[in-house]
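In what follows, residues are counted from 1 in the order of the sequence shown.
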Amino acid sequence: QAPKKAKKKVEGGSNVFSMFEQTQIQEFKEAFTIMDQNRDGFIDKADLRDTFAALGRLNVKNEELEDMVKEAPGPINFTVFLTMFGEKLKGTDPEETILNAFKIFDPEGKGRIKADYIKEMLMTQADRFSQEEINQMFAAFPPDVSGNLDYKNLCYVITHGEEKD
């Protein structure tokens, strides 16, 4: 006979908990807890608004919050939250996703990008990197002798971890 605790997780027929590693589930749980601002076990529009505010984004439109909440089949408890992430992540290979992002900067598909070019892009576009973040990145992934960044290797290490001998 299975312990009652394990049985409870199966709610609703399919077991979303089997889609993720235990460490991933713990990370999702922490994220859920942070977002569940009023600690009622559900994420609603007010929780989302407060989460955005905590991240420095004030005056989020009501429609935007409603659209997010409407993505769920019902009230967003942890199981629903995990299921929604599972559906969004299903079929996406993280390595392929990251590679595709780098390929935008490599139209010839060489697998390398000029380090100076990627540095300029990272420091001037979207979530801009600081000089310190650039230094950390190049310390971890130094450009080759020609000044190129091997982004295929970078993507592999990001998604698989470094080979430890």
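One distance of note links OG1 of Thr23 with CD of Glu27; it measures 6.0 Å at 0.5 Å rounding. To the nearest 0.5 Å, the span separating CZ on Arg49 from CE on Met68 amounts to 10.5 Å. With values rounded to the nearest 0.5 angstrom, Ile76 atom CD1 is found 9.0 Å from Asp47 atom CG. One finds the CG atom of Asp36 at 8.0 Å from the CG atom of Asp44 (value rounded to the nearest 0.5 Å). Atom NZ of Lys114 and atom CE of Met121 lie 15.0 Å apart (nearest 0.5 Å). Note that CD1 of Ile118 is 4.5 Å distant from CD1 of Ile113, once rounded to the nearest 0.5 Å.
In plain terms, the two heavy atoms of Ala72 and Met84 that are nearest each other are CB-SD, 3.6 Å. Nearest heavy atoms, Tyr151 versus Lys103: OH-CG, 3.5 Å. Nearest heavy-atom pair, Phe20 versus Val16, reported as atom, atom and distance to 0.1 Å: CD1-O, 3.8 Å. Contact between Pro142 and Ala139 at its shortest, heavy atoms only, is CD-O, 3.9 Å. In terms of heavy atoms, Arg57 sits closest to Glu64 at NH2-OE1, 2.8 Å.
Judged as a salt bridge (Lys or Arg N to Asp or Glu O under 4.0 Å), and not counting sequence neighbours, the contacts of Lys110 are Glu108. Applying the salt bridge (Lys or Arg N to Asp or Glu O under 4.0 Å) criterion to Glu66, with sequence neighbours excluded, gives Lys45. For Glu30, the salt bridge (Lys or Arg N to Asp or Glu O under 4.0 Å) criterion is met by no residue, not counting sequence neighbours.
Tracing side-chain contacts under 4.5 Å through hydrophobic residues (I, L, V, M, F, W, Y), one reaches Phe105 starting from Ile134; they form part of the same cluster. Under a hydrophobic clustering in which Ile, Leu, Val, Met, Phe, Trp and Tyr are joined whenever their side-chain heavy atoms come within less than 4.5 Å, directly or via other members, Ile34 and Phe52 fall into different clusters. When the side chains of ILVMFWY residues are joined at heavy-atom separations under 4.5 Å, either directly or via intervening members, Val69 and Val60 end up in a single hydrophobic cluster. Note on Phe42: it does not cluster hydrophobically with Leu65, by side-chain heavy-atom contacts below 4.5 Å among ILVMFWY residues.
Between Phe32 and Phe81, the angle of the ring planes goes over 60°, which puts this pair in the perpendicular group of the 30/60° scheme. Under the 30°/60° scheme for interplanar angles, the aromatic rings of Phe28 and Phe85 are found to be tilted.
Gln131 CD: more than 12 foreign heavy atoms inside a 6.0 Å radius. More than 12 heavy-atom neighbours from other residues, nucleotides or ligands sit within 6.0 angstrom of CG on Asn62.
In this structure, Val80 and Pro75 have side chains that are not in contact, with every pair of non-hydrogen atoms separated by 4.5 Å or more. Leu122 has its side chain within reach of Met137: a pair of non-hydrogen atoms, C-beta onward, lies under 4.5 Å apart. Counting only heavy atoms from C-beta outward, the side chains of Arg112 and Asp106 never approach each other to under 4.5 Å. Residues Tyr156 and Asp150 form no side-chain contact, since every pair of their non-hydrogen atoms from C-beta on lies 4.5 Å or further apart. A heavy-atom distance below 4.5 Å is not found between the side chains of Ile43 and Gln37.
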Q: Give the C-alpha distance, both sets of side-chain angles, the deciding distance and a yes or no for side chain to side chain contact (heavy atoms under 4.5 Å, CB included) between Arg39 and Thr33.
A: CA-CA 7 Å; Arg39 302 284 182 264; Thr33 303; 4.1 Å; yes

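A distance-only check finds a donor-acceptor pair linking the side chain of Glu133 to the backbone of Ser130 [under 3.5 Å].
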